[in-house]
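A quick write-up on the structure given underneath.
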Number of protein chains: 2
Amino acid sequence: MTKVSALSQAEENYLKEIFHLSGQDKIKVSTNGLAEKLESKASSITDMLKKLGDKKLVSYEKYKGCSLTKKGEKIAIHIIRKHRLWETFLVNKLNFGWDEVHDVAEQLEHIQSLKLINGIDHILNYPKVDPHGDPIPDKDGNIDYLESKVLLSETAISSKVEVVQVSEDSLDLLQYLDSIKLNLGSKIEILERVAFDESIRVKLEGNGELSLSKKVAENIYVKFIQK
Amino acid sequence: MTKVSALSQAEENYLKEIFHLSGQDKIKVSTNGLAEKLESKASSITDMLKKLGDKKLVSYEKYKGCSLTKKGEKIAIHIIRKHRLWETFLVNKLNFGWDEVHDVAEQLEHIQSLKLINGIDHILNYPKVDPHGDPIPDKDGNIDYLESKVLLSETAISSKVEVVQVSEDSLDLLQYLDSIKLNLGSKIEILERVAFDESIRVKLEGNGELSLSKKVAENIYVKFIQK
DNA sequence: AATTATTTTTAGACAAGCCTAAAATATTAT
DNA sequence: ATAATATTTTAGGCTTGTCTAAAAATAATT
Ligand SMILES: [Mn+2]
Ligand SMILES: [Mn+2]
Ligand SMILES: [Mn+2]
Ligand SMILES: [Mn+2]
C-alpha cells in the first residue's frame, strides 16, 4: 500500500487545481497558470512544485511545467469527489442554493474520513453529478464524463436542448440563472441568433421567451433532446 | 458588532481547551495544564496566550494563568456546539459508533458556516445532548447543564439509576461499554460495593449482573430514577 | 540572428506555530 | 527565612507557506 499520509490543505489545493487545469487531455500546467488560479505568486508555486515533485505527486521539471503522477491524480480526484458530494449534500439535504455551496465545500473537502464521505454518498443515494452538473467521482476514482454535452452558445437555431451543466465559477452567473429560473434540467429551444452581439433568443420552458448574452450562453452546457 | 474574523484552527483549539479546563466555576487555567491537554510544550502555550491576550480573547497575566474573556468564551462555546452537533450527526445520520466520532468532529468543528451548522441542528431536530451525553449549546450559546447527575462510583447500594453521560476521552472505555451493552439511557441497579478494590457489582438492564471497576464507574454519570 | 518581452526560478525575508535550553519567578519543604 | 523544587517565561531556532526583487531561461519580434 502506498502511504497516503496526511497532506496539508495547501498541498491538496495544489493537486486539485493542477488536475482542473490539466483537463481531460492532461496537458502540462504552467507555473503562471497555477499562480493565477490559486491567487498566489509564481515563486510560491515553484516552491510547492518542488515539494510535490519530491513527494512523487507531480512530475516537475524546471521551466517545463508540471503534471500529476498517478498517485497525485488519485488524491486530486478524491478531493474533488469530496467537494462535489458536500455541495450535493448542502443543496439536497440542507436547502442551500447552488450559489451558496462552493465556499463551504472548499473547507469540507479537506476533512479526512473515508467513513464520513462514503456515508454522505450513501445518504445522498450515490448521486452522479453535483448541483452544477459536474460529475462526482465514485469511490474508486472513476469519473463519468458526459460525452454528449455542448455549449449553449454553439447550438443551432431551433435546437431543443436540456441544461446539463453550468459553470460554478461565478456567483453572479448562478444568481442570475436563479432569477430567470434556469436550472439543471431546464428545457430550452433556440429561437434566434443575433449577429451583432452574438446573443441568443430562446424559449425557456416555464419562463417564456428571453434573451441570453453570448457570455451567459458560453457558461451553460446542454444536451440535445428529441421531441 | 465585534469583529469575529477568522481565527486559526490552533487559536480555536486553545480557546476550546481553556473553556474545558476552566470548568463551570471558571477557575483560572495554568500554562502547564493547557500544555498537557493540547499535547504541546509550555513555551508554546505562553506564546499563544500572549497572542490571544492581545486579541482580547483571554485575560492573561504573566505567571498568573489565564481565563476566557466574554468574547473568547462565546467563540469557545460555538466551537463546542459545532463539535457536539457533528458528533450527533455522525451517530444519528451516518451510523457511526460513539467511539468513532470524536476525531472527525475535531476537524469538522472548524468549518465556518452558520448556515451549515444551523442546518445540521435542524435536521437533527435540535438535540440537547451529544452521543456521550454532553450538553449541546444552542444557537445563542446557552448550555443546559444537567444539575442532577452524579458519578456512578458515588451511588449508594440498591440505588436505581439511569446513565446520562460518559467520559468521551478514552476510546477504550467507549468500546468496553459497547461490549457490555451499556449505553446512554441504560438502567442500572447497584447491588454491592467491594471494599477491597472499590469495584461495584451492578444489575444492568438487558445484560444481567456484572462487575464494574472503580475506574469505569468514575467515568459514568447517572441520575436517580424512582421505580 | 539579435533584441526584446515574457515566464520561471532563485535569493532572501517574514508570520504562524511549534520546539529545546536557559533564565526568571513562584511554591513548598526544611 | 532559606533552600530546594516546580512552574512559567524568554531566547533562539526550525518548518510551512507565503511574499518581493533580482537573475536566469524561454518565447516572440524585428
Ligand atoms: Mn464547487
Ligand atoms: Mn460544483
Ligand atoms: Mn468529542
Ligand atoms: Mn462528545
Side-chain angles (χ1 to χ4, degrees), chain A residues 3-19 21-22 27-68 72 75-76 79 106-107 109-110 112, chain B residues 3-19 21-22 27-68 72 75-76 79 106-107 109-110 112:
Chain A
K3 180 82 146 299
V4 190
S5 72
L7 299 177
S8 69
Q9 297 199 181
E11 290 171 321
E12 291 190 342
N13 284 336
Y14 275 78
L15 294 180
K16 185 182 53 159
E17 210 50 60
I18 294 168
F19 181 88
L21 288 174
S22 205
I27 57 178
K28 284 210 175 170
V29 173
S30 74
T31 301
N32 268 1
L34 262 176
E36 191 171 340
K37 281 286 186 174
L38 291 170
E39 293 181 280
S40 62
K41 302 297 169 177
S43 54
S44 308
I45 306 295
T46 302
D47 283 351
M48 183 62 98
L49 289 181
K50 281 183 196 159
K51 187 164 37 142
L52 295 174
D54 292 346
K55 293 190 179 185
K56 308 288 186 206
L57 299 171
V58 310
S59 325
Y60 169 63
E61 266 185 298
K62 268 194 192 182
Y63 294 104
K64 300 258 173 82
C66 71
S67 58
L68 293 177
I75 295 170
I79 310 293
E106 286 289 307
Q107 302 176 59
E109 72 190 5
H110 300 292
Q112 316 252 199
Chain B
K3 181 82 148 299
V4 190
S5 73
L7 299 178
S8 70
Q9 297 200 181
E11 290 170 320
E12 291 190 343
N13 284 336
Y14 274 79
L15 294 179
K16 184 181 55 160
E17 210 50 61
I18 294 167
F19 181 88
L21 288 174
S22 205
I27 56 177
K28 284 211 174 169
V29 173
S30 74
T31 301
N32 268 1
L34 262 176
E36 190 171 341
K37 281 287 185 172
L38 291 170
E39 293 180 281
S40 61
K41 301 297 170 176
S43 54
S44 308
I45 306 296
T46 301
D47 284 351
M48 183 62 98
L49 289 182
K50 281 184 196 161
K51 187 166 33 144
L52 295 174
D54 291 347
K55 293 190 179 185
K56 309 286 187 207
L57 298 170
V58 309
S59 325
Y60 169 62
E61 266 185 299
K62 270 194 192 183
Y63 293 105
K64 300 258 173 81
C66 71
S67 58
L68 293 176
I75 295 171
I79 309 294
E106 286 289 308
Q107 301 176 61
E109 71 190 5
H110 300 292
Q112 317 252 201

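By convention in this document, chain letters (A, B, ...) are assigned in the order of the sequence lines, proteins followed by strands, and residues within each chain are numbered from 1.
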Encode nucleotides 18-29 of chain C as B, S and - characters from 5' to 3', where the letter depends on protein heavy atoms closer than 4.0 Å: B to the base, S only to sugar-phosphate, - to neither.
-> BBB---BSS---
Which residues satisfy the side chain to side chain contact (heavy atoms under 4.5 Å, CB included) test with [X], sequence neighbours excluded?
X: A:Ser22; value: A:Lys26, A:Val29
X: B:Asn32; value: B:Ser30, B:Ala42
X: B:Ser67; value: B:Ser59
X: B:Lys56; value: none

Give the rounded distance in Å between these two atoms: [atom1] of [X] and [atom2] of [N].
X: A:Glu61; N: C:dT8; atom1: CD; atom2: C1'; answer: 14 Å
X: A:Ile45; N: D:dT16; atom1: CD1; atom2: C1'; answer: 15 Å
X: B:Glu36; N: D:dT7; atom1: CD; atom2: C1'; answer: 13 Å
X: B:Leu34; N: D:dT7; atom1: CG; atom2: P; answer: 14 Å
X: B:Leu49; N: D:dT10; atom1: CG; atom2: C1'; answer: 15 Å
X: A:Tyr60; N: C:dT10; atom1: OH; atom2: C1'; answer: 10 Å

C:dT8 phosphate, OP1 or OP2, under 4.0 Å from A:Asn32 side-chain N/O | yes
Backbone of B:His110 reached by a side-chain donor or acceptor of B:Gln9 within 3.5 Å | no
Could you tell me whether A:Thr46 contacts a base, only the sugar-phosphate backbone, or nothing, with contacts defined as non-hydrogen atoms closer than 4.0 Å?
-> base
Can you pull the salt bridge (Lys or Arg N to Asp or Glu O under 4.0 Å) pairs that have at least one residue in residues 10-19 of chain A, sequence neighbours excluded?
-> A:Glu11-A:Lys51, A:Glu11-A:Lys55, A:Lys16-A:Glu106, A:Lys16-A:Glu109
